[in-house]
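Both ligands and their constituent atoms are indexed starting at 1 by order of listing.
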Amino acid sequence: MCGIVGYIGRKEKKEILIDVLQKLEYRGYDSEVIATIESKKLKNYKAIGKLANLREKTKSYQSDGFGISIGHTRWATHGKPTELNAHPHLGSYSYVVHNGIIENYQELKSSLQSDGVKFLSQTDTETIVHIFEREYDKSGNPFDAFSDTIEILEGAYATLLISEISPDTIFFAKHGSPLLIGFDKDEVYFASSDTPVIGKATEVYYLEDGEYGYTKDGKVHLFDANGEKSFNKQALTADKVSAQKDGYRFFMEKEIYEQSRVMSETMMGRVLDNTIALDELDDSFLDGITSIKICACGTSYHSALTSAYLFERISKIRCDIEIASEFRYKEPLLTPDTLFITISQSGETADTLEALKMAKRAGLKSLSICNVDNSSIVRESDSAILTRAGIEKGVASTKAFATQTMVLWILSLYIAQERKTISKDKLKSEITAMLHTPKSLIVTETLHSKLHRLSKRYLHGHGFFFIGRDIFFPLALEGALKLKEISYLHAEGYPAGEMKHGPIALADSELFTIALMPKTMHYEKIKSNVEELSARDTTILAISSLPFELADDFIQTKYDSHPMLEFFEMMVVTQLLALEISVRLGNDVDMPRNLAKSVTVE
Ligand code: G6P
């Protein structure tokens with residue numbers, strides 16, 4: 001992943017770079033750096049950990065007059081998060097920052113080392129700068145040297161390179177990792193995503209894979225395999241305002257509270273009185289489609305799993321779900337009667353994007369469900385439905401999951417309506433339930449404080465099982481993932497009926513079971529499964545609208561007229577539980593260790 005930034009112009013560069021890096025920190029926060037060339041001399045500042053450390057280190061630095069600058073926020077892939085491994089990587093007279101993975105770096109490194117090049121870091125990135133300098137030493141032309149470098153690299157990259165031999169130029173290239181160029185008068189910006197440059201650049205160009213070039217004197221020269229090319233900038237919309245905590249302790253907490261409101265946004269214009277409208281899909285969209293395949297990662301994969309129940313049950317269409325990183329290498333059998341759906345909060349997840357490209361090559365129709373307009377996945381798909389959750393900053397996804405699940409529910413009803421596999425009455429009752437979801441997502445003070453009190457009993461023990469059946473199984477997976485991500489405690493999601501086939505061996509009083517017990521879906525079945533665990537002395541936190549006397553702790557839910565209402569209300573409970581446990585353990589809720597919000601490496 002990692003985030004990269006570049007700026008060329010007269011403004012104070014430190015402030016610009018640090019401001020953009022702060023908004024890119026969701027991409028990783030193992031180390032942060034800025035580097036400039038002013039008066040033809042390279043300068044750089046590196047700090048391990050989050051941006052506050054870099055701010056401290058650069059307190060007394062101020063850039064002066066015209067200059068060029070680059071910055072980087074790292075999520076370590078090759079080599080530990082140390083200062084030596086932090087970007088920018090330095091050759092004799094050049095610096096490079098990079099997001100992605102150079103797959104042939106071992107081979108390149110060995111060849112450079114046999115030419116006498118000394119490597120300072122353990123990263124793949126450092127090879128880029130040494131190859132550039134080797135090529136420059138041969139040709140004496142900086143841009144030729146950069147183009148030759150790009151040609152040699154294999155893997156995924158978005159990279160910026162600056163050099164004392166061309167102190168007014170930033171060289172750039174993109175292949176597989178996101179990069180865009182922002183423009184304002186004669187100033188040029190580079191960034192891994194557009195939100196950080198809003199308010200700075202007024203126009204933007206999103207680079208395509210295989211594009212590279214250089215910028216100098218306020219002009220960008222863009223190339224691809226066919227040589228220099230022209231390009232069209234587009235206006236950068238200013239409505240993607242940056243998120244603030246608005247009085248909440250954490251972004252994640254704010255985002256949990258926002259779910260009720262954003263859910264209404266997600267439904268707006270789509271969920272009507274008696275029908276479902278999806279203007280994003282043209283009339284022939286479902287022509288020739290007999291099955292659905294969905295690829296996603298992490299939390300998005302859990303929303304996909306939930307939807308498989310809905311597509312088969314409501315739309316009567318076969319639906320398979322795959323983890324994108326598995327799908328890519330299994331040589332899947334793809335036929336053009338399959339609708340290929342990708343789900344991604346960020347729209348940049350490398351595995352999901354590559355899965356989409358594979359499906360497109362096989363001639364499948366593609367649809368993405370995404371929270372970020374203009375993201376790589378949205379641009380690559382034939383059609384897209386945006387989730388409208390607004391910016392999600394907490395690394396542990398909450399409102400993105402809720403709105404993805406809602407879009408998928410809407411889509412399942414849309415397909416059922418178009419294919420006439422649903423009666424008018426059933427459609428109406430589903431729509432009525434949908435319109436009640438914002439209520440089921442409201443966080444009351446009573447609920448939050450109860451979970452705050454309860455959380456102190458769940459800080460130790462040897463692990464958590466979240467269990468559920470049907471759509472509550474993916475919710476159990478998601479509940480366990482939330483807890484893992486921000487508490488660092490071991491948690492697993494399991495289908496309740498499967499516990500007896502092995503995991504029940506772990507049952508004792510130190511095992512915590514979070515039981516999702518919806519009234520509207522297989523209540524008696526899950527009740528028996530929980531009783532089996534209780535008989536083995538497991539500590540049970542039951543979440544249900546029906547009282548359950550064997551529970552050690554109990555959260556009573558209110559909205560039990562439809563499974564999806566129970567789903568969303570229970571989802572909020574699991575999110576708040578994870579949050580409160582994490583707070584008690586003193587962890588960084590919004591930026592948990594080792595994770596990143598957007599994963600652009602495979
Ligand atoms: C990362 C994030 C997860 C997210 C996953 C997929 O691992 O930490 O929260 O679910 O990527 O991301 P996407 O943007 O494709 O939904």
Side-chain angles (χ1 to χ4, degrees), residues 1-3 24-30 75-77 99 177-178 192-193 195 250-252 255-256 294-307 321-328 341-357 366-381 384-405 407-408 474-475 477-488 493 571 574-575 578-579 582 587-602:
M1 337 343 158
C2 309
L24 288 174
E25 243 188 339
Y26 69 92
R27 303 180 65 87
Y29 31 81
D30 287 332
W75 186 79
T77 56
N99 163 212
S177 302
S192 300
S193 67
T195 313
F250 310 100
F251 280 110
M252 182 188 178
E255 287 154 7
I256 293 172
I294 311 186
C295 271
C297 304
T299 289
S300 299
Y301 169 70
H302 296 153
S303 72
L305 284 178
T306 310
S307 75
I321 313 296
E322 309 228 20
I323 289 181
S325 55
E326 286 299 309
F327 172 81
R328 289 179 62 183
I341 303 183
T342 46
I343 307 176
S344 175
Q345 181 281 130
S346 61
E348 302 296 345
T349 303
D351 284 315
T352 311
L353 180 59
E354 284 309 312
L356 168 60
K357 289 181 183 167
S366 57
L367 168 68
S368 58
I369 293 170
C370 191
N371 199 35
V372 181
D373 196 8
N374 270 320
S375 57
S376 303
I377 288 177
V378 167
R379 281 181 285 132
E380 193 70 33
S381 305
I385 306 179
L386 295 176
T387 46
R388 305 180 186 157
I391 300 170
E392 189 180 68
K393 296 271 282 187
V395 165
S397 179
T398 52
K399 62 177 180 169
F401 172 74
T403 53
Q404 286 165 347
T405 308
V407 165
L408 288 157
L475 183 59
L477 289 172
E478 175 57 12
L481 180 65
K482 279 309 81 131
L483 186 65
K484 249 188 288 225
E485 285 177 316
I486 60 174
S487 72
Y488 321 143
M571 176 197 75
T574 58
Q575 292 168 342
L579 174 87
S582 170
N587 298 342
D588 187 334
V589 171
D590 286 331
M591 289 200 234
R593 70 182 185 200
N594 304 338
L595 302 181
K597 185 86 189 140
S598 174
V599 181
T600 52
V601 293
E602 69 164 293

Exercise. Would you check if the side chain of Y301 reaches a backbone N or O of I294 as a donor-acceptor pair within less than 3.5 Å?
Key: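 Flag not set: sc Y301 to bb I294 has no pair under 3.5 Å.
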Kindly print each ligand 1 N/O atom paired with any protein N/O atom under 3.5 angstrom away, one pair per line, or none if nothing qualifies.
from, atom 1, to, atom 2, distance (Å)
ligand 1, 8 (O), A596, O, 2.8
ligand 1, 9 (O), V395, O, 3.4
ligand 1, 10 (O), T299, N, 2.9
ligand 1, 12 (O), T349, OG1, 3.3
ligand 1, 14 (O), S344, OG, 3.3
ligand 1, 14 (O), Q345, N, 3.3
ligand 1, 14 (O), S346, N, 2.8
ligand 1, 14 (O), S346, OG, 2.6
ligand 1, 14 (O), T349, OG1, 3.3
ligand 1, 15 (O), S344, OG, 2.6
ligand 1, 15 (O), T349, OG1, 2.4
ligand 1, 16 (O), S300, OG, 2.5
ligand 1, 16 (O), Q345, N, 2.7

Self-check item: Contacts of type ring-ring contact (aromatic ring centres under 6.0 Å, His included), residue F327, not counting sequence neighbours
Solution: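 Here the qualifying residues are F340.
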Quiz item: With respect to L356, which candidate in S376, S344, S366, C295 satisfies the side chain to side chain contact (heavy atoms under 4.5 Å, CB included) definition?
Solution: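 Result for side chain to side chain contact (heavy atoms under 4.5 Å, CB included) with L356: S366.
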Self-check item: Sequence-distant partners of E485, salt bridge (Lys or Arg N to Asp or Glu O under 4.0 Å), two or more places apart
Solution: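 Listed in chain order: K482.
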Quiz prompt | Results of salt bridge (Lys or Arg N to Asp or Glu O under 4.0 Å) for E25 - residues two or more places apart only | solution =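 Testing E25 for salt bridge (Lys or Arg N to Asp or Glu O under 4.0 Å), a comparison that skips the adjacent residues, returns none.
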Self-check item: K393 bridged to D590 by N-O distance under 4.0 Å
Solution: no
